[in-house]
Amino acid sequence: MFVELQLSNYTLMNARFTLLLLAILSTTAVFSQQNQRNVVARRTPSLSFGLQVAQPRNEFSDSFEGYPVGIATQFMSNLRRSPFELGFGFSWMNQGEKNQDIYIFQGVDAVGDDVFEKGSISVRNNIYTYTGSARFKPFAGAVQPYGELIAGIQNFSTRNIISSQDNSASDIKERAHRDFALTYGWAAGLKVRLTQNLQIEGRFSNMLGGNVDFVDQNSIQINDVGDLEFSRVSSKTDMWLFQAGISLEF
């Protein structure tokens with residue numbers, strides 16, 4: 001009788017413990033699902049930063065050797081709680097540069113002789129891109145794939161910067177060439193959430209560019225006093241863009 005009573009109490013305690021454990025697990029699951037729903041439903045503006053590498057294509061690959069590298073950023077704002085976002089982007093990529101030591105003319109001395117100072121010149125070819133975007137992002141949870149339509153303007157710019165070796169004078173910056181082209185295309189990307197406000201992001205863009213004149217990097221010639229000569233290339237600017245970086249949600 002005593003043993004049976006002990007067994008009954010033991011069984012009752014196990015049953016109560018099991019029910020309590022099930023209640024805790026159920027409550028945890030409910031809260032977990034609720035938090036997940038809150039994350040999925042959270043759609044806020046975002047700002048992306050990343051390293052960008054371009055692969056010239058078609059006519060552009062025949063006219064330019066190399067892979068422009070730079071940085072890119074995109075700001076996107078959602079339309080209320082819908083999966084559609086609008087925004088704009090900017091990128092800078094270096095298309096190549098040439099550096100050379102030169103002699104900088106400083107004027108004449110008391111006896112009328114020309115005075116030169118040692119210095120250097122840096123000729124830099126850059127691509128600046130300004131775009132507007134319309135994005136479709138169906139999910140806003142831990143993993144966020146998206147597709148995007150893009151259109152904008154490219155600025156192909158060549159600048160030369162002349163510097164004295166002893167920094168006795170301010171740098172002289174001059175624009176040697178500049179031309180613009182329209183660009184448009186599409187992008188596909190993926191964001192993976194690290195924290196509530198931080199994500200890692202990978203992105204691919206297929207861009208078609210209009211015809212533009214840009215400086216042929218291999219044609220740049222600089223004499224001893226910094227006089228610059230170069231030839232220009234005319235080409236369309238189709239390219240693939242690869243971007244990797246982070247995204248911040250506000």
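What's counted below: heavy atoms across the whole structure, side chains too, no hydrogens, waters or symmetry copies. As the structure is a computational prediction, the values presented were derived from the model and not from experiment.
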State plainly whether one hydrophobic cluster holds both Met93 and Val123, where clusters connect Ile, Leu, Val, Met, Phe, Trp and Tyr through side-chain heavy atoms under 4.5 angstrom apart.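 In one cluster with Met93: Val123, no.
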
When the aromatic ring centroids of [X] and [Y] are compared, is their separation below 6.0 Å?
| X | Y | answer |
| --- | --- | --- |
| Phe75 | Phe88 | yes |
| Phe60 | Phe214 | yes |
| Phe204 | Phe242 | yes |

Given the rule in the side-chain contact (heavy atoms from CB on, under 4.5 Å) test, do Asn197 and Phe250 qualify, once you have shown the distances and angles that lead to the verdict? CA-CA 7 Å; Asn197 302 101; Phe250 303 100; over 6 Å; no

Compare all side-chain heavy atoms of [X] with those of [Y] and state whether any distance is below 4.5 angstrom.
| X | Y | result |
| --- | --- | --- |
| Lys191 | Ser46 | yes |
| Asp238 | Leu208 | yes |
| Phe90 | Tyr128 | yes |
| Ile161 | Arg124 | yes |
| Ser235 | Val212 | no |
| Arg193 | Thr195 | no |
| Ile102 | Ile162 | yes |
| Phe64 | Val233 | no |

Could you walk me through whether Val215 and Ile220 pass the side-chain contact (heavy atoms from CB on, under 4.5 Å) check? CA-CA 8 Å; Val215 171; Ile220 297 175; 4.0 Å; yes

Please determine, by modelled atom types, if Gln74 and Gln243 share a side-chain donor-acceptor pair under 3.5 angstrom.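 Present: a donor and an acceptor within the cut-off.
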
Strictly by modelled atom types, are Glu97 and Asn99 linked by a side-chain donor-acceptor pair under 3.5 Å?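 Side chains of Glu97 and Asn99: pair found under 3.5 Å.
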
With side-chain hydrogen bond (donor to acceptor under 3.5 Å, both in side chains) as the criterion, how do Ser120 and Asp101 come out once you've worked through the C-alpha distance, each side chain's angles and the decisive distance to 0.1 Å? CA-CA 4 Å; Ser120 63; Asp101 293 334; 5.1 Å; no

Without swapping roles, check the side chain of [X] against the backbone of [Y] for a donor-acceptor pair under 3.5 Å.
| X | Y | result |
| --- | --- | --- |
| Thr183 | Gln154 | no |
| Ser219 | Ser231 | yes |
| His177 | Asn125 | no |
| Asn155 | Phe180 | no |

Over 12 foreign heavy atoms within 6.0 Å of CD, Gln55: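 Check passes, neighbour count above 12.
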
Looking at Lys98, I'd like to know if its NZ atom is crowded, meaning that more than 12 non-hydrogen atoms belonging to other residues, nucleotides or ligands lie closer than 6.0 Å.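 Yes.
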
Would you call Glu174 and Arg159 a salt bridge, taking side-chain N to carboxylate O under 4.0 Å as the test?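 Not counted as a salt bridge, because no side-chain N and carboxylate O are separated by less than 4.0 Å.
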
Are Arg43 and Glu249 within salt-bridge range, i.e. N to O under 4.0 Å?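 No salt bridge links Arg43 with Glu249.
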
Which is it for Asn78 and Arg135 under the side-chain contact (heavy atoms from CB on, under 4.5 Å) test, yes or no, and what are the steps along the way? CA-CA 9 Å; Asn78 57 303; Arg135 177 181 294 179; over 6 Å; no

What is the minimum heavy-atom distance between Glu148 and Ser133, and which atoms define it?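 Glu148 and Ser133 have their closest heavy atoms at OE2-OG, 2.9 Å.
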
Worked verdict on Glu201 versus Ile246 for side-chain contact (heavy atoms from CB on, under 4.5 Å): CA-CA 5 Å; Glu201 180 177 5; Ile246 61 172; over 6 Å; no

